[in-house]
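Structure, as structure tokens:
Just follow the structure's listing: the first ligand is 1, and inside any ligand the first atom is 1. The basis for the numbers below is simple: all heavy atoms, side chains too, and nothing from hydrogens, waters or symmetry mates.
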Amino acid sequence: MAKRILVLNGPNLNMLGTREPGIYGAHTLGDVQALCETTGQELGLSIDFRQSNHEGELVTWIQEAQSSADAILINPAAYSHTSVAIHDALKAVGLPVAEVHLSNIHQREPFRHHSYVSAVAVGVICGFGIAGYRLSLMALAEKLS
Ligand code: CA2
């Protein structure tokens, strides 16, 4: 049976491609979804791709993943730097987590240098734009094999 990956995207990522192309690139979130789905087909993964601007909705989806997913790929966006709730939910479900960021958060403002999610992630990829999602799925497929 195909391994199931829940791909979560945090606040404002629905705006991708409309502003700040110098930081986040020109791709839309639809492009990211298409890349994840193509990569999933190549790797034999089933992809459930979602975005929310609401912390509580992300927490609920993470909790539900306990019975519906084998691993989580998450770009928590700004919640990376603020959310103990997302950290706790990821820790509680105990699934392998990959954290991805489009930009290199360590080259940016100091408040972006710390992520509450990194401590509960198997690994973190940042700075490679949307290719980071593909690389993360490859790493998770390897981890689950
Ligand atoms: O580099 C990343 O992927 C981030 O997770 C993106 C977040 C940011 O808060 C993190 O520090 C790093 C922001 C996502 C918002 O993206 C926008 C894209 C276009 C227009 C407005 C926002």
Where does ligand 1 get N/O contacts under 3.5 Å from the protein, atom by atom?
unit_1: ligand 1; atom_1: 1 (O); unit_2: Leu102; atom_2: N; d: 3.2
unit_1: ligand 1; atom_1: 1 (O); unit_2: Ser103; atom_2: N; d: 2.8
unit_1: ligand 1; atom_1: 1 (O); unit_2: Ser103; atom_2: OG; d: 2.6
unit_1: ligand 1; atom_1: 3 (O); unit_2: Asn75; atom_2: ND2; d: 2.9
unit_1: ligand 1; atom_1: 3 (O); unit_2: Leu102; atom_2: N; d: 2.7
unit_1: ligand 1; atom_1: 5 (O); unit_2: Asn75; atom_2: OD1; d: 2.9
unit_1: ligand 1; atom_1: 5 (O); unit_2: His101; atom_2: ND1; d: 2.9
unit_1: ligand 1; atom_1: 9 (O); unit_2: Ala78; atom_2: N; d: 3.4
unit_1: ligand 1; atom_1: 9 (O); unit_2: Arg112; atom_2: NH1; d: 2.9
unit_1: ligand 1; atom_1: 11 (O); unit_2: His81; atom_2: NE2; d: 2.7
unit_1: ligand 1; atom_1: 11 (O); unit_2: Arg112; atom_2: NH1; d: 2.9

Worksheet item: Taking atom types as modelled and ignoring hydrogens, do the side chains of Glu37 and Gln41 form a donor-acceptor contact shorter than 3.5 angstrom?
Response: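 No.
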Discussion item. Is it the case that the side chain of Ser83 and the backbone of Ser80 share a donor-acceptor pair, with hydrogens and angles ignored and the cut-off at 3.5 Å?
Written reply: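 No.
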Worksheet entry | Neighbour count >12 (heavy atoms, 6.0 Å) for atom NE2, His81 |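 Yes - once you tally the heavy atoms of other residues, nucleotides and ligands closer than 6.0 Å, there are more than 12.
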Practice prompt. Please list, chain by chain and in numerical order, all residues satisfying side-chain contact (heavy atoms from CB on, under 4.5 Å) with Val93, sequence neighbours excluded.
Written response: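 Only Ile62, Gln66, Ile72, Leu95 meet the side-chain contact (heavy atoms from CB on, under 4.5 Å) criterion with Val93.
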Report, one line per pair, each donor and acceptor closer than 3.5 Å where one atom sits in a side chain of residues 1-14; sequence neighbours left out.
unit_1: Arg4; atom_1: NE; unit_2: Asp70; atom_2: OD2; d: 3.2
unit_1: Arg4; atom_1: NH2; unit_2: Asp70; atom_2: OD1; d: 3.3
unit_1: Asn9; atom_1: OD1; unit_2: Tyr133; atom_2: OH; d: 2.6
unit_1: Asn9; atom_1: ND2; unit_2: Arg50; atom_2: O; d: 3.1
unit_1: Asn14; atom_1: OD1; unit_2: Gln51; atom_2: NE2; d: 3.4

Let me have the donor-acceptor pairs involving side chains of residues 135-145, under 3.5 Å, with sequence neighbours excluded, atom names and distances please.
unit_1: Ser136; atom_1: OG; unit_2: Gly132; atom_2: O; d: 2.7
unit_1: Ser145; atom_1: OG; unit_2: Glu142; atom_2: O; d: 2.8

